[in-house]
Every structure is written in structure tokens, then in C-alpha cells.
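Quick caveat, the model's predicted, so the values are computed rather than measured. Values below: every heavy atom of this structure, side chains too, minus hydrogens, waters and symmetry copies. Numbering of residues begins at 1 and proceeds along the displayed sequence.
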Amino acid sequence: MKQPFESDPPNPSAQNASETAKLGGSSFGKLADLAARAAEETSRLTNLEPILRIPVTVQVLLGSATMPVADLMKLGRGAVIPLDHRVGEQVEVDVNGRIVARGAVVVVEDENSRFGVSLTEIVGGSTGDGEA
């Protein structure tokens, strides 16, 4: 009668497990630490609700004009000030003082008395000053 494990071929999965335990004991600990840190980071990043509620100021500059103070003083109700932008030219979308996008002015469908901006380009934030 043969003794247990005496002439049986070695079990490769058992050998791999023991080698992993010998070689990777500290590696497993490092991996576990890394996984724990990744889980913390994910948890921190998914809790964005307070940040998403922060109000920001969005402005769209339709154009500008330069005039002497005398002409400014003559302006009254119904006066028209010609701007330097033409119809169909792109406008810049400014969020808290930084240009974040460009777009075209459109009339909002449900109310003809309101305008909106159809975004055509998102400006990269690498420089942060809005210049391209």
C-alpha cells in the first residue's frame, strides 16, 4: 500500500499557491493596500454632490461697442447700440471669468423672445486664460 503523497505526481496548483505565498506575501499586502487606496479614491470621487451644487456665473458676450460719453448720455428707451459681432458669428461662453466654450446664438424654440447658445466648440482648459 502506498503512503499518501509518496508517489503521486506533484499538484501544480498547490505548488503555485505555495510559491505565491512564499514570494508574494509582501506583494499581496502591497496589492491589498493599493486596492484599499483605490477604493477610498473612488469613494471620494463619487461623492461629488456637494461640488455639483456650487453655483457658477455663466456669461455670453454678444458683442461690445465703444462710444463717447456724450453719445452714451443721449441714449434713451428704444435706442439701438450697434455691436461689433455680426449675426452668425461665434460667441464665447464664459464661466466664472474663463472661456469654456464657443457657440452660435439661437432663438429658444418655446419663446421667441429669448435667446440661447448652441455650443459648437469646447475650449481646452490647459492654459486657463481662454486664449487659443
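- Between Ala65 and Pro82 the shortest heavy-atom distance is CB-O, 3.4 Å.
- The structure places OG1 of Thr66 at 11.5 Å from CG of Asp71, a figure rounded to the nearest 0.5 Å.
- A donor-acceptor distance shorter than 3.5 angstrom exists from the side chain of Asp84 to the backbone of Ser64, with no hydrogens or angles considered.
- In this structure, Val91 and Leu61 have side chains that are not in contact, with every pair of non-hydrogen atoms separated by 4.5 Å or more.
- Side-chain contact between Thr57 and Gln59 is present, with heavy atoms from C-beta onward closer than 4.5 Å.
- Contact check for Val106 versus Val117: no side-chain heavy atoms found under the 4.5 Å cut-off.
- Closest heavy-atom contact between Phe115 and Val107: CE2-CG2, 4.1 Å.
- Residues Leu62 and Val105 form a side-chain contact, since some pair of their non-hydrogen atoms from C-beta on lies under 4.5 Å apart.
- For Thr120 (side chain) and Arg102 (main-chain N/O), a donor-acceptor pair under 3.5 Å exists by modelled atom type.
- The distance from the CG atom of Leu52 to the CD1 atom of Ile54 is 8.5 Å, given to the nearest 0.5 Å.
- Taking NE2 of His85 as the start and CD of Glu92 as the end, the distance is 6.5 Å to the nearest 0.5 Å.
- Proximity of Val58 to Asp94: side-chain heavy atoms (C-beta onward) are nowhere separated by under 4.5 Å.
- Side chains of Val123 and Arg98 form no contact here, defined as non-hydrogen atoms less than 4.5 Å apart.
- Cluster annotation: Val100 and Val56 are assigned to the same hydrophobic cluster (Ile/Leu/Val/Met/Phe/Trp/Tyr, side-chain heavy-atom contacts under 4.5 Å, transitive).
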